[in-house]
Amino acid sequence: LGCHHEVLSVAGFLSARNPLVIAPDARRSQWQLAREEIVRTVGFVSDHLVWALLLSDWAQLNTGQRRHMAQRYGLVFERMNEALKERQLLAESLQAAGLISKEVMRERMDSRRRAQWPLVIAALVGGMYPNILIVDRVGERCTSEDLAEKANTLRYQTLQRHHSKQDSMCYPKPVNMHPNSICFGADQYRCPYMAFFNSQQTTKLYAYDASEVTPWSLLLLSTEEPKYEETASEGHIVVGGWARFQCSNAAVMELIHGVRAAWARLLARKVVDRSWKHEDS
């Protein structure tokens, strides 16, 4: 997909820990404003994309500049360095396996100018599916600036799947967005579906490390083949019995299946012939 640098950065953080400081601090409102600026830059409400951009900036700074950046955004200095190291180790492993080239390793990471963020979202969906949240608004839109109050205006649900993989045994399960997430307190998304890395039961069932997705990323990169369902009044494209997109013309399914088949062939060839430069195809 041409977004290797950003995906490596995301993987570095997932191998380490979330770098955002959440402890009570007088600078919290300043941190929030700085983080919102990053969200506007990447164009998505996303933990993963924010991490990728922060790490790209971090890699180009000296120690003193990194400490200043940590103070500006409310970052744990050690966790940022840990993520950068994990990223490097993963990149070296992928190079040794023949999955990325030496040229990629030598490229300067500059996500601010080069990143194609919708493609990064597509890669995240492909890697995290079926961890998909549905987001619904509950009541009126919140006018308060308090993040906790904003968080109460949205409801998150995931599909609880049964080990038997029977659709009849699956059901929606409420989930809360963790307060350490960039998505906590968001009051709107462009798409009502989100990909998340994991969930954990503490005082509540929380989703960690989430990103809003795009419809095409789910339709083309999910591991389950989309299906067209039609009723007397309308039609929908359904992914995994969970994500639903209104569509009035079933002919689009030919395009979706064709792109998915081409993508599968590309992946199959790359696995067999790691020296093949798929970006030139």
>> Determine whether Lys102 and Arg106 satisfy the following criterion, side-chain contact (heavy atoms from CB on, under 4.5 Å), listing intermediate values before the conclusion.
In response: CA-CA 6 Å; Lys102 294 180 181 180; Arg106 287 195 293 264; 3.8 Å; yes
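- For the ring-ring contact (aromatic ring centres under 6.0 Å, His included) test, no residue two or more places apart in sequence or in another chain qualifies with Tyr129.
- In summary, of the residues considered (Ile134, Leu133, Thr158, Ile132), a side-chain contact (heavy atoms from CB on, under 4.5 Å) with Met194 occurs for Leu133 alone.
- Annotation: side chain of Tyr228 is not in contact with side chain of His236 (no heavy-atom distance under 4.5 Å).
- Under a hydrophobic clustering in which Ile, Leu, Val, Met, Phe, Trp and Tyr are joined whenever their side-chain heavy atoms come within less than 4.5 Å, directly or via other members, Met128 and Tyr208 fall into different clusters.
- With hydrogens and angles left out, the side-chain atoms of Gln71 and Arg27 include no donor and acceptor closer than 3.5 Å.
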>> Run the side-chain contact (heavy atoms from CB on, under 4.5 Å) test on Trp276 and Leu266 for me, step by step, so that the C-alpha distance in whole Å, both residues' side-chain angles and the decisive distance to 0.1 Å come before the verdict.
In response: CA-CA 10 Å; Trp276 176 53; Leu266 185 150; 4.0 Å; yes
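- Summarising the geometry of Pro174 relative to Leu205, their closest heavy-atom pair is O-CD2, 3.7 Å, with the distance given to 0.1 Å.
- Formation of a donor-acceptor pair under 3.5 Å by the Ser56 side chain with backbone atoms of Ala52 is not found in this model.
- Grouping the Ile, Leu, Val, Met, Phe, Trp and Tyr side chains by contacts below 4.5 angstrom, directly or via other members, places Ile100 apart from Val10.
- Looking only at distances, no side-chain donor or acceptor of Arg190 sits under 3.5 Å from a matching main-chain atom of Val45.
- In terms of heavy-atom proximity, Leu159 sits nearest to Gly240 at CD2-O, 3.9 Å.
- Leu220 has its side chain out of reach of Trp263: every pair of non-hydrogen atoms, C-beta onward, lies at least 4.5 Å apart.
- Between the CZ atom of Arg72 and the CZ atom of Arg35 there is a distance of 12.0 Å, given to the nearest 0.5 Å.
- Minimum interatomic distance between Ser275 and Asp273 (heavy atoms only, all atoms of both residues): OG-OD1, 2.7 Å.
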>> Please determine whether side-chain contact (heavy atoms from CB on, under 4.5 Å) holds for the pair Leu55 and Arg87, giving the CA-CA distance in whole Å, both sets of side-chain angles, and the decisive distance to 0.1 Å.
In response: CA-CA 10 Å; Leu55 198 61; Arg87 182 192 188 281; 3.9 Å; yes
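- The distance between the ring centers of Tyr193 and Phe245 falls below 6.0 angstrom.
- Expressed to the nearest 0.5 Å, how far CG of Asp57 lies from CG of Asp110 amounts to 8.5 Å.
- Side-chain contact between Leu147 and Gln32 is present, with heavy atoms from C-beta onward closer than 4.5 Å.
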> What's the verdict on side-chain contact (heavy atoms from CB on, under 4.5 Å) for Val50 and Ile38, showing C-alpha distance, side-chain angles and the deciding distance?
Replying inline: CA-CA 6 Å; Val50 167; Ile38 294 287; 3.7 Å; yes
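- Counting only distance, with no hydrogens or angles, the side chain of Thr41 and the backbone of Glu37 share a donor-acceptor pair below 3.5 Å.
- Atoms CG and CG, on Asn18 and Asn180 in that order, are 4.0 Å from each other to the nearest 0.5 Å.
- Contact annotation: the side chain of Arg141 approaches that of Gln188 to within less than 4.5 Å [non-hydrogen atoms, C-beta and beyond].
- Remark: the Ser101 side chain and the Glu103 side chain contain an N/O donor-acceptor pair separated by less than 3.5 Å.
- A chain of hydrophobic side-chain contacts below 4.5 Å, direct or via other Ile, Leu, Val, Met, Phe, Trp or Tyr residues, connects Phe197 to Leu221.
- For the pair Phe196/Ser211, no side-chain contact is recorded, criterion being any heavy-atom separation below 4.5 Å from C-beta on.
- With hydrogens and angles ignored, the 3.5 Å screen pairs no side-chain donor or acceptor of Ser222 with any backbone N or O of Leu219.
- Within 6.0 Å of atom NE2 in His68, 12 or fewer heavy atoms from other residues, nucleotides or ligands are found, so the atom counts as exposed in its surroundings.
- Using a 4.5 Å cut-off between side-chain heavy atoms of Ile, Leu, Val, Met, Phe, Trp and Tyr, with links allowed through other members, Trp216 and Val259 fall into the same hydrophobic cluster.
- Leu90 and Met80 end up in different hydrophobic clusters when Ile, Leu, Val, Met, Phe, Trp and Tyr side chains are linked at under 4.5 Å.
- Within the 4.5 Å cutoff, the side chain of Ser111 has heavy atoms near those of the Trp117 side chain.
- Summarising the local packing, CD of Glu140 is surrounded by 12 or fewer heavy atoms from other residues, nucleotides or ligands at distances under 6.0 Å.
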>> Using the rule given for salt bridge (charged side-chain N to carboxylate O under 4.0 Å, His left out), can you reason through Glu78 versus Arg17, listing the C-alpha separation, both sets of side-chain angles and the distance that settles it, and then say yes or no?
In response: CA-CA 10 Å; Glu78 294 77 11; Arg17 290 177 292 176; over 6 Å; no
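- Of the inter-residue distances, the one linking Tyr189 atom OH with Phe44 atom CZ reads 13.5 Å to the nearest 0.5 angstrom.
- Distance alone, capped at 3.5 Å, places no donor-acceptor pair between the Lys227 side chain and the Ile237 backbone.
- Between Ser181 and Asp47, the side chains place a donor N or O and an acceptor N or O closer than 3.5 Å (distance only, hydrogens not considered).
- If you check the side chains of Asp209 and Trp51, you find no donor sitting under 3.5 Å from an acceptor.
- Taking 4.5 Å as the limit, every side-chain heavy atom of His48 sits out of range of all side-chain heavy atoms of Val120.
- No hydrogens or angles considered: nothing links the side chains of His5 and Arg108 as a donor-acceptor pair under 3.5 Å.
- Of all non-hydrogen atoms in Pro226 and His257, the two that sit nearest each other are O-CE1, 3.5 Å.
- The side-chain heavy atoms of Pro172 and Trp242, taken from C-beta on, include a pair separated by under 4.5 Å.
- Listed by first then second residue, pairs satisfying salt bridge (charged side-chain N to carboxylate O under 4.0 Å, His left out) with a partner in residues 244-264 read Glu225-Arg260, Glu229-Arg244, not counting sequence neighbours.
- Taking CE of Met109 as the start and CD of Glu107 as the end, the distance is 11.5 Å to the nearest 0.5 Å.
- Between Phe77 and Trp58, the ring centre distance stays below 6.0 Å.
- Distance check: Leu75 CG to Arg66 CZ gives 12.0 Å after rounding to the nearest 0.5 Å.
- Annotation for Arg274 and Leu99: closest pair CG-CD2, 4.3 Å, computed over non-hydrogen atoms.
- Here Glu92 does not pair with Lys85 in a salt bridge; the nearest charged N to carboxylate O distance is not below 4.0 Å.
- Taking every heavy atom of both residues into account, Cys191 and Thr214 meet most closely at SG-C, 4.4 Å.
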